[in-house]
Amino acid sequence: MPDCLLFESWTRPEESWVPEDAASYFGDLVRANREGLRALESWSAEMQVTIESADLLLVLRELRGDFVVTLAFQRDLPLGMVRLHTKRVLDRLETVLPTLEVQERPRSVRI
């Protein structure tokens, strides 16, 4: 999460978008959302970002402060199914993701 690097991804073979290209944008989006909610004094550890477009429904959720999970669903899938599947995937990922120690590096080193 700190550097918005892709840890792992899975997409259908017929998808044309590249997960690595989207990962940094999604990490920045979750970070900006978190800071915006803090400014409104409404931040919660259970925060989730949902984006609806014409053909996709994206769910972005931060796990443990060091991972952001993004799930993409077909737009016509009922919202209840999206929530159920999201909860199941997040519960499973919580147990299999490694524990990382975030190291703060000076900006010049990161660049």
Side-chain angles (χ1 to χ4, degrees):
M1 172 65 179
D3 293 328
C4 300
L5 300 175
L6 184 65
F7 176 74
E8 186 64 61
S9 69
W10 179 88
T11 58
R12 292 181 181 170
E14 67 271 9
E15 292 295 339
S16 61
W17 52 276
V18 180
E20 290 83 1
D21 294 345
S24 63
Y25 294 115
F26 291 153
D28 286 341
L29 179 61
V30 169
R31 183 181 298 123
N33 187 59
R34 180 188 339 133
E35 296 307 315
L37 289 174
R38 278 191 182 149
L40 297 172
E41 298 178 358
S42 182
W43 183 82
S44 167
E46 298 297 318
M47 179 214 47
Q48 175 174 298
V49 177
T50 304
I51 302 171
E52 299 179 32
S53 73
D55 56 346
L56 282 177
L57 181 97
L58 296 173
V59 177
L60 292 83
R61 181 77 174 264
E62 186 174 5
L63 292 179
R64 299 189 323 239
D66 50 0
F67 287 99
V68 171
V69 176
T70 302
L71 302 169
F73 298 95
Q74 293 176 343
R75 184 63 183 97
D76 57 353
L77 191 66
L79 194 54
M81 288 300 293
V82 168
R83 289 180 178 154
L84 177 66
H85 185 69
T86 298
K87 181 176 178 359
R88 288 181 177 171
V89 168
L90 293 174
D91 289 345
R92 170 125 347 146
L93 287 177
E94 192 74 50
T95 62
V96 298
L97 286 174
T99 303
L100 299 177
E101 185 176 318
V102 178
Q103 297 177 349
E104 289 296 325
R105 298 178 296 170
R107 187 168 192 273
S108 60
V109 172
R110 286 185 283 161
I111 292 173

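In this chain, numbering begins with 1 at the start of the sequence shown.
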Exercise for the section: Evaluate the side chain to side chain contact (heavy atoms under 4.5 Å, CB included) criterion for residues L63 and L97: first the C-alpha distance (whole Å), next the side-chain angles of each, then the deciding distance (0.1 Å), finally the verdict. Expected result: CA-CA 9 Å; L63 292 179; L97 286 174; 3.8 Å; yes
Practice task
Decide whether V89 and M81 are clustered together by the hydrophobic rule: side chain heavy atoms of Ile, Leu, Val, Met, Phe, Trp, Tyr closer than 4.5 Å, transitively.
Solution key: yes
Handout entry: Exam field: side chain R75 to backbone S53, donor-acceptor pair closer than 3.5 Å
Key = yes
Exercise for the section: Decide, yes or no, whether a salt bridge links D28 with R31 under the criterion of side-chain N to carboxylate O below 4.0 Å. Expected result: yes
Problem - Within-4.5 Å side-chain heavy-atom neighbours: L90 and R61 - result: yes
Practice task
Report yes if the side chains of T95 and D91 come closer than 4.5 Å at any heavy-atom pair, otherwise no.
Solution key: no
Problem - Residues in side chain to side chain contact (heavy atoms under 4.5 Å, CB included) contact with R92, at least two apart in sequence or another chain - result: none
Exercise for the section: Take atom CD of E41 as the centre, draw a 6.0 Å sphere, and report whether it contains more than 12 heavy atoms from other residues, nucleotides or ligands. Expected result: no
Fill in the blank from the handout: Rounded to the nearest 0.5 angstrom, the OG1-CG distance for T50 and L58 is 9.0 Å
Problem - Connected via hydrophobic side-chain network under 4.5 Å: L71 and L77 - result: yes
Exercise for the section: Measure the spacing between CZ of R88 and CZ of R83 and express it to the nearest 0.5 Å. Expected result: 15.5 Å
Exercise for the section: Would you please test F73 and T86 for side chain to side chain contact (heavy atoms under 4.5 Å, CB included) and show each step? Expected result: CA-CA 10 Å; F73 298 95; T86 298; 3.6 Å; yes
Practice task
With side chain to side chain contact (heavy atoms under 4.5 Å, CB included) as the test, would you mind laying out the steps for L57 and L79 before giving the verdict?
Solution key: CA-CA 9 Å; L57 181 97; L79 194 54; 4.3 Å; yes
Practice task
Could you state whether L60 and Y25 fall into the same hydrophobic cluster, counting links through intermediate Ile, Leu, Val, Met, Phe, Trp or Tyr residues with side-chain heavy atoms under 4.5 angstrom apart?
Solution key: no
Problem - Flag if over 12 foreign heavy atoms under 6.0 Å of CD, E35 - result: yes
Problem - Side chain to side chain, V59 and Q48, heavy atoms closer than 4.5 Å - result: yes
Handout entry: Flag side-chain contact, heavy atom, 4.5 Å: L93 against F67
Key = no
